[in-house]
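Take a look at the structure set out below.
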Amino acid sequence: MGIKGLRQAVAAHMREGHVKEIAGKTVVCDGHAWLHKAAFGCAFDIAMGKPTDKYIEYCMHLVNMLKFYGVTPIIVLDGRSLPGKARVNSERNARRESQRALGMELLRRGDRSGALKCLQQSIHVTAEMAHAFHARLQSEKVTCIVSPYEADAQMSYMVRKGMAQAVISEDSDMVPFGVDMILYKMDTSGSCCIFENKPLGEGNKKSMDVSKLSGDARIHMCILAGCDYLQSIPGIGIQKAYGLIREHGDGKKAIEALRKHPKMKEKVPDGYEDAFERAEKLFKHQWVYDMEERKLVNMTQVPED
DNA sequence: CTCTAGCGATACAG
DNA sequence: CCTCGTCGCTAGAG
């Protein structure tokens with residue numbers, strides 16, 4: 001789900017670009033996003049259960065394209081199995097299964113293009129595909145990290161540790177995690193949209209400027225706007241959240257202000273302050289793998305209290 | 001007017 | 001046995 005509306009809201013920080021702009025640098029890449037796109041290219045084979053490695057070739061093309069432009073890629077794959085999403089998952093599985101059945105039916109009737117559309121909706125990235133990709137990366141001596149939970153947290157941790165200078169992803173969660181350079185929508189030729197956490201010019205006076213927010217303030221804004229860990233207060237979206245944090249400085253003070261606001265006070269749920277604190281901890285102290293220490297660590301240090 | 005929330009169409013590579 | 005959606009549009013509320 002990510003952060004609702006965040007991608008649109010930070011549009012002023014985005015521009016058209018190309019991977020050659022980060023020649024000489026190291027970049028961490030969201031391997032799952034690549035596999036997901038790659039799977040569309042061989043939806044027929046995957047849906048029929050026919051062994052194929054086309055999706056791996058697609059991903060390796062991206063790896064080699066980056067190398068060609070002097071960029072060193074590190075691939076992050078996540079081994080996550082998140083609790084609390086079982087219902088959504090089973091609904092998705094049911095939908096995928098019905099699309100697969102419909103696709104096979106259309107194929108029997110000779111409607112090849114109709115079948116492909118359905119079969120594309122039935123495919124998903126399996127652990128088996130991720131393992132095959134991982135094995136290929138190892139044999140090609142490309143660095144690959146399996147994150148304990150969320151790839152987003154792992155990638156941002158590696159940037160903060162200085163192991164990489166940018167991230168290639170499709171996920172807006174990179175913004176609250178404080179990554180300063182994010183390459184979105186990269187295609188096979190290296191063209192992409194580049195997000196940079198830099199002050200906006202005078203022409204963007206009314207746009208959201210994330211460079212005006214401290215690391216904690218960015219996270220507070222995203223929790224207020226609604227994230228995986230906490231639904232937003234009804235009527236609060238990304239713009240309102242940005243305004244509140246800019247005005248009051250942090251999440252706690254923003255909630256205090258809402259509690260006093262005549263129109264908003266009855267919309268703030270009981271115990272929202274506690275839920276907010278829990279969400280912030282989940283955000284900041286996720287488990288990630290530290291390559292140097294070779295062990296699991298918290299993304300940011302848990303304070304002793 | 002701005003902003004949120006929900007919905008339907010759409011999605012790969014070459 | 002099996003891992004994450006997103007974009008544009010718009011109604012409707014503030």
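The basis for the numbers below is simple: all heavy atoms, side chains too, and nothing from hydrogens, waters or symmetry mates. None of the values given here were measured: they were computed from a predicted structure.
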Ring of A/H32 versus six-membered ring of C/dT3: centres under 5.5 Å and planes under 30°?
->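 Stacked: centres under 5.5 Å apart, planes under 30°.
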
Report the distance from atom CG of A/L6 to atom P of C/dT6, rounded to the nearest whole Å.
->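 After rounding, the gap between these two atoms is 12 Å.
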
What integer distance in Å separates A/E170:CD from B/dC12:C1'?
->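 So the two atoms are 13 Å apart, to the nearest Å.
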
Would you classify [X] as touching base, sugar-phosphate or nothing, given that sugar-phosphate means primed atoms plus P, OP1 and OP2, and contacts are heavy atoms under 4.0 Å?
{"X": "A/K240", "answer": "sugar-phosphate"}
{"X": "A/D187", "answer": "nothing"}
{"X": "A/Q121", "answer": "base"}
{"X": "A/Q239", "answer": "sugar-phosphate"}
{"X": "A/K206", "answer": "nothing"}

Would you mind telling me which of [options] lies closest to the side-chain atoms of [X]?
{"X": "A/I238", "options": "C/dG14, B/dT4, B/dC12", "value": "B/dT4"}
{"X": "A/Q120", "options": "B/dA13, C/dT3, B/dC12", "value": "B/dC12"}
{"X": "A/T188", "options": "C/dG14, B/dA13, C/dC2", "value": "B/dA13"}
{"X": "A/K4", "options": "B/dA5, C/dG14, C/dC2", "value": "B/dA5"}
{"X": "A/Q8", "options": "C/dG14, C/dG8, B/dC12", "value": "C/dG8"}

Taking atom C1' in both C/dT6 and B/dG14, compute the distance separating them and give it to the nearest angstrom.
->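 Each nucleotide's C1' atom is 23 Å from the other's.
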
So, A/E105 and A/R109, do they make that salt bridge, N to O below 4.0 Å?
-> yes

What class does the angle between the rings of A/Y272 and A/F276 fall in, given that below 30° is parallel, 30 to 60° is tilted and above 60° is perpendicular?
->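 Tilted, since the angle between the ring planes falls between 30° and 60°.
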
A/L107 versus A/F44: any side-chain heavy-atom pair under 4.5 Å?
-> yes

Side chain A/H285, main chain A/K281, donor-acceptor under 3.5 Å |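 It does not hold such a pair.
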
side-chain N/O A/R7 vs C/dC7 OP1/OP2, d < 4.0 Å |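 Yes, within the criterion.
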
Indicate whether OP1 or OP2 belonging to B/dA13 is found under 4.0 Å from a side-chain N or O atom of A/Y58.
-> yes

Only one of A/I194, A/D209, A/N204 clears side-chain contact (heavy atoms from CB on, under 4.5 Å) with A/H13; which?
-> A/D209

